[in-house]
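The block underneath contains the structure these notes are about, expressed in structure tokens.
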Amino acid sequence: MKNGWFQLPIATRDGQFIARYSENGLAELDFPSCDRRRRGNESQTLSLDESDGDSRRLLLVLAKIRAWHRVTESALQSILAGRMPKNFPPLDAAGTAFQQSVWQELRKIPLGQTKSYGEIAAKIGKPKAVRAVGSACGANPIPVLVPCHRVIAAHGKLGGFSGRLGWKCKLLSAEGVQFPD
DNA sequence: AGGCTCATGACTC
DNA sequence: GAGTCATGAGCCT
């Protein structure tokens with residue numbers, strides 16, 4: 001794990017997600033891993049690099065992240081249940097300028113609606129960059145909250161998904177989206 | 001409906 | 001530069 005990042009699990013009925021935070025907000029969200037083996041310890045784990053030795057600042061950061069994590073948990077549970085979250089944590093996804101512009105556009109897609117890769121490309125002013133949009137979706141470090149699953153191929157086909165494609169179906173179904181097959 | 005080609009922008013090596 | 005993409009449009013059968 002990267003230096004100075006904090007990792008916290010989120011238990012859902014679909015398995016345990018992993019959230020990772022930088023000092024600026026939620027940086028990554030992982031789907032539950034395929035292997036189902038459970039470690040005995042379900043408690044929250046924190047890890048960090050304490051090289052700066054400033055414990056007072058550390059406590060402040062921890063408090064901040066705990067607060068963010070509560071918001072993240074609630075937002076994730078809401079979306080999995082097909083409801084629009086009331087609040088989002090601050091997001092700190094690392095990416096190129098192009099990727100950032102794509103991810104920002106994804107966040108504007110309302111729950112329960114979909115857009116095509118081409119529509120996203122047009123929205124960010126690069127109507128021909130359709131494949132690049134697909135790649136940027138695949139590079140999205142915060143799935144679900146940054147709704148890359150709401151981007152589908154033209155003419156209603158499903159397109160791809162970096163996790164298991166089943167997750168894309170599951171998330172869209174939870175949001176009430178109908179798609180062929 | 002399915003298969004093939006080509007244009008295409010961003011990214012990686 | 002060449003190769004890789006979570007695409008899309010066009011054109012065939």
Side-chain angles (χ1 to χ4, degrees), chain A residues 1-5 7 9-10 12-36 72-73 75-85 88-181:
Chain A
M1 168 147 44
K2 300 180 190 176
N3 281 351
W5 282 26
Q7 173 172 305
I10 301 177
T12 75
R13 70 176 191 285
D14 298 308
Q16 180 178 274
F17 287 67
I18 304 288
R20 278 188 275 276
Y21 299 86
S22 72
E23 281 189 40
N24 301 316
L26 178 62
E28 292 183 357
L29 183 66
D30 286 352
F31 284 108
S33 59
C34 308
D35 68 284
R36 201 160 284 262
T72 301
E73 284 183 305
L76 177 60
Q77 303 282 12
S78 291
I79 295 179
L80 290 179
R83 298 189 316 268
M84 186 61 181
F88 284 87
L91 303 183
D92 186 32
T96 64
F98 177 81
Q99 289 168 336
Q100 299 281 355
S101 69
V102 171
W103 299 337
Q104 186 176 343
E105 203 58 43
L106 298 188
R107 296 228 283 143
K108 296 183 188 166
I109 308 177
L111 185 139
Q113 295 189 24
T114 58
K115 290 206 180 307
S116 71
Y117 297 94
E119 286 177 288
I120 299 294
K123 281 268 195 181
I124 62 175
K126 307 195 181 220
K128 294 185 209 162
V130 288
R131 303 196 69 166
V133 166
S135 297
C137 290
N140 167 27
I142 313 179
V144 188
L145 296 198
V146 176
C148 50
H149 58 280
R150 297 187 195 132
V151 187
I152 61 178
H155 312 311
K157 289 202 277 285
L158 201 50
F161 201 66
S162 53
R164 191 57 213 124
L165 204 54
W167 273 109
K168 194 169 189 173
C169 293
K170 183 190 247 309
L171 291 165
L172 289 174
S173 298
E175 298 186 6
V177 174
Q178 305 294 334
F179 42 89
D181 265 69

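Side chains are part of it too, since the values below use all heavy atoms of this structure and drop only hydrogens, waters and symmetry mates. A, B, ... follow the sequence lines: proteins, then strands. Residue 1 opens every chain.
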Opposite nucleotide pairing with B/dT8, Watson-Crick or G-U, both atom distances under 3.5 Å: none

Nearest 0.5 Å, what's the CD1-CG distance between A/I142 and A/L26? 4.5 Å

Over how many whole Å does the gap from A/I109 atom CD1 to C/dA6 atom C1' extend? 14 Å

Side-chain donor or acceptor of A/K168 paired with backbone N/O of A/L158 under 3.5 Å: yes

Are any side-chain N or O atoms of A/R150 and backbone N or O atoms of A/I109, one a donor and one an acceptor, separated by less than 3.5 Å? yes

In this structure, how many angstroms lie between the P atom of C/dC5 and the CD1 atom of A/I120, rounded? 22 Å

Between A/I152 and A/L172, is there a side-chain heavy-atom distance shorter than 4.5 Å? yes

Tell me if a side-chain donor or acceptor on A/Q100 pairs with a main-chain N or O of A/A93 at a distance below 3.5 Å. yes

Interface with DNA chain C, restricted to residues 130-140 of chain A and to heavy atoms under 4.0 Å: A/V130, A/R131, A/G134, A/S135, A/C137, A/G138

Without decimals, in angstroms, what is the distance between A/K157 NZ and C/dA9 P? 10 Å

Which whole-number value in Å describes the distance from A/F98 CZ to C/dT7 P? 13 Å

Is there a donor-acceptor pair closer than 3.5 Å between any side-chain N or O of A/W167 and the backbone N or O of A/H149? no

Reckon A/F161 touches a base, only the sugar-phosphate, or nothing at all at heavy-atom distances under 4.0 Å? base

Using atom CD1 of A/I124 as one end and atom C1' of C/dT7 as the other, report the distance to the nearest whole Å. 13 Å

Under a 3.5 Å limit for both distances, which nucleotide forms a Watson-Crick or G-U wobble pair with C/dG1, could you say? B/dC13

Rounded to the Å, how far apart are A/Q99 CD and C/dA6 P? 13 Å

